[in-house]
Amino acid sequence: MSLIIKDLHASVQGTEILKGINLEIPKGELHAVMGPNGSGKSTLSKVICGHKDYVVTSGEIWLDGQNLLEMSVDERSRAGVFLAFQYPMEVPGVSNANFLRAALQARMPEGEELSVVDFYKKLYAAMGVLGMDRKLTSRSVNEGFSGGEKKRNEVLQMMLLDPLYAILDETDSGLDIDALRIVSQGVNAMRSPFRSFMVITHYKRLLEYIRPDVVHVLAYGKIVRTGGYELVDELERDGYEFLKNFEEPGK
Ligand code: ADP
Ligand code: MG
């Protein structure tokens, strides 16, 4: 059982960005996706979540045998898909605590009520792990949060929602070294035989803490390399020099 992506093509505003992605993340595994800016990493993550601006033109995505592309955004979320955004949205006028409560409540079966006491217990426990100031619960979602606070807030949402397929899009950018270590601990604590992770990052620093099982390089809308942790060392050393061997389609 796993997340399986087959020959996925997707466009945004009429331009094809993903040009045949093949990727399989078995349950229990954490895969890193690296690659130059503009190669389509965020696009891939948004397509999986069902963002309306990103149009799948062909290909398939399967979640444990369920056809993801036939599911609504809400169904995907209920099935356990979660994306920590590269650029988290600000939601003025909605307190962070209310936002998180509504997100959790929305996941519960019809007629079941989330207990406020249970909610705050979970919330404060997760905030404790992430070293987050409790004052952030009463502030508007991400409004005026520092870069690092926003990224921690994404991981906080992930910890509370307990997803089966977690995608982290450059969650390490904007974090200082201590925050990076803390956030990594949060991610590592969630690793389980039942969960798949896709971690998008540019940096080895994160992957030293969050050891990936498999590393992929996405370039020109395709996965051009797949390997083990040694690929991270190679990229750190040589950069994306090897991409010269891959002709950019259309050029
Ligand atoms: P990465 O995350 O690998 O840096 P993205 O997936 O964000 O790359 O972007 C891939 C390409 O798609 C870029 O050329 C980017 O400008 C374009 N793109 C992504 N989202 C949009 C959008 N909403 N509107 C227009 N172009 C977009
Ligand atoms: Mg991106």
Side-chain angles (χ1 to χ4, degrees), residues 1-10 16-49 54 56-65 67-69 80-84 86 163-173 184 187-188 190-251:
M1 300 300 246
S2 50
L3 169 67
I4 299 173
I5 301 174
K6 286 186 188 165
D7 197 24
L8 182 73
H9 291 249
E16 185 173 62
I17 305 295
L18 302 184
K19 300 172 179 172
I21 300 275
N22 288 291
L23 188 61
E24 180 169 347
I25 309 183
K27 270 212 173 355
E29 292 192 7
L30 187 148
H31 289 209
V33 175
M34 306 181 82
N37 287 325
S39 58
K41 302 180 300 295
S42 293
T43 298
L44 175 62
S45 63
K46 287 174 180 170
V47 164
I48 296 171
C49 290
Y54 298 79
V56 173
T57 49
S58 66
E60 299 167 20
I61 307 179
W62 295 90
L63 279 189
D64 297 334
N67 187 345
L68 179 96
L69 296 178
V81 175
F82 174 85
L83 170 61
Q86 181 174 3
L164 292 173
Y165 311 90
I167 305 168
L168 302 174
D169 191 359
E170 296 197 26
T171 301
D172 49 337
S173 63
S184 303
V187 172
N188 282 332
M190 289 189 67
R191 290 175 84 162
S192 108
F194 306 106
R195 214 184 311 271
S196 317
F197 282 95
M198 183 195 295
V199 174
I200 298 170
T201 181
H202 284 297
Y203 301 109
K204 178 179 174 181
R205 223 179 49 174
L206 175 76
L207 300 176
E208 282 173 345
Y209 291 118
I210 302 176
R211 277 274 169 164
D213 298 295
V214 178
V215 179
H216 306 276
V217 178
L218 203 166
Y220 310 131
K222 288 186 174 193
I223 302 290
V224 296
R225 287 279 299 274
T226 291
Y229 188 74
E230 72 287 346
L231 190 48
V232 180
D233 287 322
E234 187 190 318
L235 294 174
E236 185 90 349
R237 195 181 61 234
D238 304 335
Y240 293 113
E241 188 71 11
F242 72 94
L243 287 175
K244 283 190 179 148
N245 301 326
F246 292 85
E247 276 288 299
E248 182 171 4
K251 274 204 174 169

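Only this structure's heavy atoms are used, side chains among them; waters, hydrogens and symmetry mates stay out.
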When rounded to the nearest 0.5 angstrom, what distance separates CG in Leu235 from CZ in Arg237?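 Atom-to-atom, Leu235:CG and Arg237:CZ are 9.5 Å apart.
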
Once you round to the nearest 0.5 Å, how far does CD1 of Ile61 lie from CG of Leu69? 4.5 Å

Going through the distances and angles, do Leu3 and Glu24 end up as a side chain to side chain contact (heavy atoms under 4.5 Å, CB included)? CA-CA 6 Å; Leu3 169 67; Glu24 180 169 347; over 6 Å; no

Name all residues meeting the side-chain hydrogen bond (donor to acceptor under 3.5 Å, both in side chains) criterion together with Glu170; count only those two or more places apart in sequence or in a different chain, and write none if there are none.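 With sequence neighbours excluded, Glu170 shows a side-chain hydrogen bond (donor to acceptor under 3.5 Å, both in side chains) to Gln86, His202, given in chain and number order.
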
Tyr54: ring-ring contact (aromatic ring centres under 6.0 Å, His included) partners, not counting sequence neighbours: His51

Can you sort out the partners of His9 under ring-ring contact (aromatic ring centres under 6.0 Å, His included), two or more places apart, ordered by chain and number?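 Checked His9 against ring-ring contact (aromatic ring centres under 6.0 Å, His included); zero matches.
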
Using distance alone, with no hydrogens and no angle criterion, decide if Lys27 and Tyr165 have a side-chain donor and acceptor under 3.5 Å apart.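 A donor-acceptor contact under 3.5 Å links the two side chains.
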
So Val199 and Val33, do their side chains get closer than 4.5 Å, heavy atoms only?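 They are not in side-chain contact.
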
For Ser184, what residues pass the side chain to side chain contact (heavy atoms under 4.5 Å, CB included) criterion, not counting sequence neighbours? Leu180, Leu206, Tyr209, Ile210

The criterion is side chain to side chain contact (heavy atoms under 4.5 Å, CB included); which residues satisfy it with Ala32, sequence neighbours excluded? Leu207, Pro212, Val215

Look only at the side chain of [X] and the backbone of [Y], and say whether a donor-acceptor pair between them is shorter than 3.5 Å.
X: Lys41; Y: Pro36; result: yes
X: Ser2; Y: Ile4; result: no
X: Asn22; Y: Asp7; result: yes
X: Ser39; Y: Leu218; result: yes
X: Arg195; Y: Pro163; result: yes

Is it the case that atom OH in Tyr229 sees more than 12 heavy atoms from other parts of the structure closer than 6.0 Å? yes

With sequence neighbours excluded, residues passing salt bridge (charged side-chain N to carboxylate O under 4.0 Å, His left out) with Glu234: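 For Glu234, the residues satisfying salt bridge (charged side-chain N to carboxylate O under 4.0 Å, His left out) (neighbours in sequence not counted) are Arg225.
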
